[in-house]
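Take a look at the structure below.
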Protein chains: 2
Amino acid sequence: MTDVNSAQTPALAPSAGHATPPGTGEAGDGLVDLIELFFFAYRDFVGDPDQILAPLGFGRAHHRVLHFVNRNPGMRVTDLLDILRITKQSLGRVLRELVDEGFVDSRAGASDRRQRLLYPTEKGEALAREFIAIQSRRIAGALAECGPGAREDARRFLMAMIDREDRASVERLIQRAERNRRTR
Amino acid sequence: MTDVNSAQTPALAPSAGHATPPGTGEAGDGLVDLIELFFFAYRDFVGDPDQILAPLGFGRAHHRVLHFVNRNPGMRVTDLLDILRITKQSLGRVLRELVDEGFVDSRAGASDRRQRLLYPTEKGEALAREFIAIQSRRIAGALAECGPGAREDARRFLMAMIDREDRASVERLIQRAERNRRTR
DNA sequence: GAAAAAAGTCAACATGACTGACGTAAATTC
DNA sequence: GAATTTACGTCAGTCATGTTGACTTTTTTC
């Protein structure tokens, strides 16, 4: 199960010997290697929190919700829907479980009392920190292997992979969360 | 729906003014921005094929299966299970649909007739090329924005994000597929 | 006071995962 | 040559997470 290709060389596809290794960037060799690496990398990346989630009876949806609530305390339900791009019915169930089990607090807005503003509880914050810790560990390891400048390289690449029209709001989202984190 | 944070500044979290922008790499600022960027980038990246999948009545699972079959013609069902890390019951339905609708061919192995070796049909190859094209376009655009060296930087970073014990087999998988592609 | 917005809820359904059990054919082992 | 293992498929049931559509309540806005 750990080996991704225990396969013998496929019967067809003659597999001629020596060839230029992929990733050397010569023209016409395509970007399929990056497509696949992105797939495998993300799979392991989102797999990390599963260890923490399983004993709690939570799934990845809970992780995502708690993460963004924790990063943006006081956010509205609508904001969360826009970020996650799911329906409110989908969010509803997950959010209710997080509230019921005391990870998220949902208070009516002070200025606009229709709104439910979402806050992590202490328990929620602690859990969110666990998620961040385990995923940061992986990223930190990867960056360390890549040498100096890798952090900024990765940042730029990932940002450039996002739909152009969403980049500004993602940037704002991250920056505001970062500000709030610092001023606690 | 396009704006990720139409939110007013959250009611709580006083949002003190000026702060160092994230990503400048000073100690202790965490890697949460990269966590989030990875999330958004992957979301848009896997969203691309949806436009192609929807009219066919296929889902993302079909994309993944067809992609790897196309890249590794003649692969066994077991190999596919190892790559995708799903159960054979899960794979079964998706694969059957792909075979039924003429995107994948499943022939008994010549040397070992228990095996079902999987090949893309012409139709399957064409579809797989569409997926690759749309995802490559996004990646190529991102790399172009990042300047020279970005391709190799991204490659190294993504590889380093993969579980250490799986890297060798992922590398082999990519290299063998690349070889086969060149020698057609 | 009417309209619009924010949120919640009920119901039904789709997709893609899962476990567990069982069957069959072919290859491998003893 | 019989027993075991392997590769694959399938039936049946479940779960997590997403979807649409309709409807309600509360509150704000015009």
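Lettering of chains follows the sequences in order, A, B, ..., and the numbering in each one begins at 1. Here the structure is a predicted model, which is why all the values come from computation and not from measurement.
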Selection from C/dA17, C/dT9, D/dA7 that lies nearest to any side-chain heavy atom of B/Ser90: C/dA17
Report yes or no: is there a donor-acceptor pair, N or O only, under 3.5 Å between the side chain of B/Arg114 and the base of C/dA25? no
Separation of D/dT19 atom P from A/Arg85 atom CZ, nearest Å, is 12 Å
As a test of reading the structure: which of D/dG9, D/dA7, D/dG18 is closest to the side chain of B/Thr78, going by heavy atoms? D/dA7
Is there a donor-acceptor pair closer than 3.5 Å between any side-chain N or O of A/Arg156 and the backbone N or O of B/Glu145? yes
Can a donor-acceptor pair be found, under 3.5 Å and without considering hydrogens, that links the side chain of B/Thr121 to the backbone of B/Asp105? no
Between A/Leu53, A/Asp50, A/Val94, which is the residue that forms a side chain to side chain contact (heavy atoms under 4.5 Å, CB included) with A/Phe58? A/Leu53
Using heavy atoms and a sub-4.0 Å distance, could you list which residues of residues 55-66 of chain A are near DNA chain D? By number, please. A/Gly59, A/Arg60, A/Ala61, A/His62, A/Arg64
From CG of B/Asp79 across to P of D/dC8 the rounded distance in Å is 8 Å
Which nucleotide in the set D/dA7, C/dT9, D/dT10 lies at the smallest distance from any side-chain heavy atom of A/Lys88? C/dT9
To the side chain of B/Arg113, which of C/dC18, C/dG8, C/dA26 is closest? C/dA26
In whole Å, I'd like the distance from the CZ atom of A/Arg116 to the C1' atom of C/dA5. 14 Å
Residue B/Gln89, side-chain atoms from C-beta onward, closest of D/dA22, C/dA4, D/dC11: D/dC11
Is any N or O donor-acceptor pair between the side chain of B/Arg93 and the base of C/dA17 shorter than 3.5 Å? yes
Is the shortest distance from a Lys or Arg side-chain nitrogen in B/Glu171 or B/Arg155 to a carboxylate oxygen in the other one below 4.0 Å? yes
Nearest-Å distance, CD1 (A/Ile86) to C1' (D/dT19)? 11 Å
Salt-bridge present (B/Asp48, B/Arg43; N to O < 4.0 Å): no
Interatomic distance where CG belongs to A/Asp50 and P belongs to C/dA17 [whole Å]: 14 Å
Which is more 5' along DNA chain D, the nucleotide nearest A/Thr87 or the one nearest B/Leu95? Just name the residue. B/Leu95
Are B/Phe45 and B/Phe38 close enough that their ring centers fall under 6.0 Å? no
Expressed in angstrom and rounded to an integer, what is the separation of B/Leu91 atom CG from C/dG16 atom C1'? 12 Å
Over how many whole Å does the gap from B/Leu117 atom CG to D/dT6 atom C1' extend? 15 Å
Given atom CZ of A/Arg107 and atom P of C/dG8, what is their separation to the nearest angstrom? 15 Å
Sorted by position of nearest nucleotide on DNA chain C, 5' first, the leading residue of A/Arg96 and A/Asp112 is A/Asp112
Please check: side-chain N/O of B/Arg167 versus main-chain N/O of B/Ile162, any donor-acceptor pairing under 3.5 Å? yes
